[in-house]
Each structure stands twice: as structure tokens, then as C-alpha cells.
Amino acid sequence: MTQQPPAGTGLGFGALFTKHVVSARYVAGAWSGFELRAFEDLRFSPAAMVMHYGQAIFEGLKAFRSTAADEVLIFRAADCARRFDRSATRMAMPPLPAGMFVDAVRTLVEADAAEVPSAPGSSLYIRPVMVADEPSLAVRPSIEFSFLVLASPVDSFFASGRSMIDAYAQRDHIRAALGGTGDVKCAGNYAGAMAAKADAQAHNCDEVLWLDAREHRDVEEFGAMNCFVVRGEDDHAELITPGLGGTILPGHTRATVITLAGRRGLTVREEPIELSQVLDPYGPVSEVFACGTAAGVAPVHRILTDTGEERTIGDRPGPVTSLLAADYVAVTHGELEPEPDWITKIAG
Ligand code: PLP
Ligand code: COI
């Protein structure tokens, strides 16, 4: 393996938590205000509906320590709030009152600002979640819910710590079909994907590369990230990502990369990408990268399939991937002008 582990602080992903959480409850048709509490184990009924029917949604966003000033920058909180509402509606859960998501995230980050790490590649991962906790085995939407926000100082998302990832495409499992829940962030999407993740790991890969459910022909996204390929090189390079047809999660990092690529004058197309094109070493695809909040911009090293096909995309990140990865780091750390609404600032 030619890849080197990235410089990091050894935090990993999601193993350590800050001192506080924010929580609110929904009972009798209304949300309570949220409160800041100590991070400690919760009490819940063995009959809590989420335990049985999995009515649960979550979000993922990050706070970064700015490079220049002692500030903490929360990235795209308002977009996460909107996606959380969309997920809630899809899962028959009550959306939060306007402003509550961002206020809750801000309150937690203010309380635990000292725990936002500063080493390159590190950040505070923020995890808002809503679960059905009415004690009942009835098969219908719950009428009671808890909203929680917790936070975890993190660096590398991938357990291998590799700076480039290997991905595994297989046809035994599918992630999402039209009319399903693939375009929202519900817990069940991830539960249904665990077997595919285990397959990927058994093939020494970091991630699943999901194909379309109907024909297993087009690349859709990675297990926890959206997918981009670069076609052509130098002045002819263009960026392609699958369009959001209802089965793909509309990632905020995907949207950010599209904006950053546009600023660089790159052509971005949202159109189907056939797996066969990606696997063809003589074809036009010169770079592949994954992107998501937890992983950032992650260059793809190699793709394997269940039919034994394999392509090494590159042993080093390609020029377009490197440019966009650097722009993404810069904009999240306050070194590049953000779009309006991208950054919520907290005193460090
Ligand atoms: N696709 C899936 C399935 C994900 O879980 C994620 C992570 O949230 C993404 C894409 C990327 O989304 P975002 O960039 O908003 O984190
Ligand atoms: C994220 O990137 O925020 C995600 O939610 C992906 C994964 C941790 C589930």
C-alpha cells in the first residue's frame, strides 16, 4: 500500500465526547425549550418506540478552529437544520421550531468551545439526533420524541487512518430506491447498510460504493459520502457527480464542492456515472473522490467489485481533487470567503 496515514492527533472518529449535550422533548404536541446538560447516560423505557421500529433521524456538521483568529466556525448549520426538518417530515416526526436547531448547536459549541481541537485535520463533529421515545409497541408514528445534540472531537474518519480510500461495489445489497428514504438522514439507512460495509471491510476496503438499485449500472454514492469523478485533464478537466434523483443524500459537502469548483472555473455536471466508465483505465475518468462532513474530501485510491474487477485510480490524489480538498479546508477554516449562511462564528 503506497498510501500514508495523514498527520493527525489520533482522535479517530466518534470515540470521545465533550462535556455537555443539549436536549429537548416533544410531548402533547409541542416541543419543550432545549437545555444544556452534562453528557451522561440517558434513561428510557424498554418499550421506547425507537428501540423497536427505528424511528430516528440524525445530522452531522462540524465546528472548526479558525486558522487566523481564536474563533470557532460552525459550517453550514442552517442547511443541516433544513435537512433535519426534511428527514423529520419523511419519517413522520415533528420538525423543530424555527431556529431551534441552530440555537441548540450554537449553545453546545459555546459551552464546549475549549474542546474544539486545533491540530490540522481535526475538528468538532456535532451530531444532532431525534428519536421516538413514546413507550409503546403500537405500529404507528410515535407521539413523543427526544432531540439531542452531542459533540465529538475528531480527526480521521476512516479507521485505517489512510489519506486515500479504497471502495467496494457489490450487487447483493442496495441502499435506496425511489420512494424510499435514501435522500434523508434516517438511522435505518445506515442499519440497512451495515452488511454491505462489512463486505467492504472484508475486502480490505474503507467504504461501500453504492450502485443504482434497478440495474446496478450507475454509481450513486459512497456509504457516508457523495461521489465525484474528474473526466479529462488540465484545461479539459470537468467534474461529474450523480444528480439528486431521490435516492442520493443531498450532501452539504457535495454542494460546497460544486460551489468551490465553480469559483475555480471548472465545469460541473450532474449526470449519471456508469461504473464501467469509472473502472476503465483507458477511459476518460482520471480522478475519483468522496466527500462528506465526517470525511471531508477523500481521494479514492482503488475501486474493487464483487465480480473481481479492480482499478487503481491513482496512488496520489489527482490535481483537481487536491485543489478542491485544499479549498474545502480553507473555506471551513475561515481562509477563503464563504457564501452567505455557511458559517456561524463562536468566540473561541
Ligand atoms: N451520503 C451519505 C449516505 C451520508 O451519510 C453523508 C453524510 O452525511 C453524505 C452523503 C454527505 O453529506 P454531507 O456532506 O452533508 O455530510
Ligand atoms: C456525516 O458525514 O456527517 C455523516 O453523517 C456520515 C456518517 C458519520 C454517518
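This structure is a prediction, so every number in the text was calculated from the model and none was measured. We count ligands from 1, going down the list as the structure has it; atoms in each ligand are counted the same way. Sequence positions, counted from 1, serve as the residue numbers for this chain.
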Heavy-atom pairs closer than 4.0 Å: do any link ligand 1 to the side chain of H252, the backbone, both, or neither? both
Start with the C-alpha gap between Y190 and F58, add the side-chain angles, then the distance that decides, and say whether ring-ring contact (aromatic ring centres under 6.0 Å, His included) holds. CA-CA 11 Å; Y190 299 83; F58 71 95; 4.9 Å; yes
Could you tell me the residue and atom name of the protein heavy atom closest to atom 8 (O) of ligand 1, and the distance to it rounded to 0.1 Å? K185 NZ, 2.7 Å
Could you give me the CA-CA distance, side-chain angles and deciding distance for I57 and F84, then say whether side chain to side chain contact (heavy atoms under 4.5 Å, CB included) is met? CA-CA 7 Å; I57 59 170; F84 198 64; 3.6 Å; yes
With a cutoff of 4.0 Å, is A224 in contact with ligand 1, counting heavy atoms of the residue only? yes
Interfacing atoms of ligand 2 (cut-off 4.0 Å, heavy-atom, F157): 8 (C)
Run the ring-centre check on F157 versus Y125 and record whether the distance is less than 6.0 Å. no
Is there a side chain to side chain contact (heavy atoms under 4.5 Å, CB included) between I343 and F75 once you walk through the steps? CA-CA 5 Å; I343 299 247; F75 196 61; 4.0 Å; yes
When you measure from atom 1 (C) of ligand 2 to every protein heavy atom, which one gives the shortest distance, and what is it? Y125 OH, 3.4 Å
Determine, stepwise, if the pair V116 / T18 fulfils side chain to side chain contact (heavy atoms under 4.5 Å, CB included). CA-CA 9 Å; V116 180; T18 61; over 6 Å; no
For K62, is the nearest heavy atom under 4.0 Å from an atom of ligand 2? no
Could you check R217 against D212 for salt bridge (charged side-chain N to carboxylate O under 4.0 Å, His left out), going step by step and ending with a plain yes or no? CA-CA 6 Å; R217 187 193 59 201; D212 76 280; 5.3 Å; no
Does some non-hydrogen atom of K185 fall short of 4.0 Å from ligand 2? yes
CZ of F39: more than 12 outside heavy atoms within 6.0 angstrom? yes
Which protein non-hydrogen atom lies closest to atom 2 (C) of ligand 1, naming both residue and atom, and how far is it? E221 OE1, 3.4 Å
Under 4.0 Å from a heavy atom of F13: give me the atoms of ligand 2 that qualify, with their elements. 8 (C)
Determine, using ring centers only, whether F147 and F34 are less than 6.0 Å apart. no
Run the ring-centre check on F289 versus Y328 and record whether the distance is less than 6.0 Å. no
Taking every non-hydrogen atom, the tightest pair across L148 and S23: CD2-CB, 3.5 Å
Give the contacting part of R127 toward ligand 2: side chain, backbone, both or neither, where contact means a heavy-atom distance below 4.0 Å. side chain
Please list the nearest protein heavy atom to atom 14 (O) of ligand 1 with its residue and the distance rounded to 0.1 Å. T253 OG1, 2.6 Å
Between ligand 1 and R175, can you find any atom pair, the residue atom being a heavy atom, that is separated by under 4.0 Å? yes
Under 4.0 Å from any heavy atom of G223, which atoms of ligand 1 are there? 3 (C)
Are R263 and E339 close enough, and set up right, to give a side chain to side chain contact (heavy atoms under 4.5 Å, CB included), and what steps lead you there? CA-CA 11 Å; R263 288 188 190 175; E339 296 291 308; 2.8 Å; yes
With a 4.0 Å cut-off on heavy atoms, is A193 in contact with ligand 1? no
Quick one: does ligand 2 sit under 4.0 Å from the side chain of E59, the backbone, both or neither, non-hydrogen atoms only? neither
Answer yes or no for R83: is there a heavy-atom contact with ligand 1 below 4.0 Å? yes
State whether the number of non-hydrogen atoms from other residues, nucleotides or ligands found under 6.0 Å of R214 atom CZ is greater than 12. no
To the nearest 0.1 Å, how far is atom 2 (O) of ligand 2 from its closest protein heavy atom, and which atom is that? A294 N, 2.9 Å
Which atoms of ligand 2 have any heavy atom of T293 under 4.0 Å away? 2 (O), 3 (O)
Identity and distance of the protein heavy atom lying nearest atom 16 (O) of ligand 1: T293 OG1, 2.6 Å
Is K19 atom NZ crowded by more than 12 heavy atoms from other residues, nucleotides or ligands, each under 6.0 Å away? no
Do any nitrogen or oxygen atoms of Y190 lie less than 3.5 angstrom from nitrogen or oxygen atoms of ligand 2? no
Which segment of M225 sits under 4.0 Å of ligand 1 when only heavy atoms are counted: backbone
Going through the checks in order, is the salt bridge (charged side-chain N to carboxylate O under 4.0 Å, His left out) test met by E271 and R231? CA-CA 12 Å; E271 59 186 44; R231 254 189 343 220; 3.1 Å; yes
Of the listed options (W210, Y190, F222), which comes nearest to atom 4 (C) of ligand 1 when hydrogens are ignored and any heavy atom counts? Y190
re atom 7 (C) of ligand 2, the protein heavy-atom contact at minimum distance is A224 CB, 3.8 Å
Atoms of ligand 1, numbered as shown, that sit under 4.0 Å from any heavy atom of G292: 11 (C), 14 (O), 16 (O)
Tell me yes or no: between the side chains of T247 and E220, is some donor less than 3.5 Å from an acceptor? yes
Considering heavy atoms of the protein only, find what lies nearest to atom 12 (O) of ligand 1 and give residue, atom and distance to 0.1 Å. G251 CA, 3.3 Å
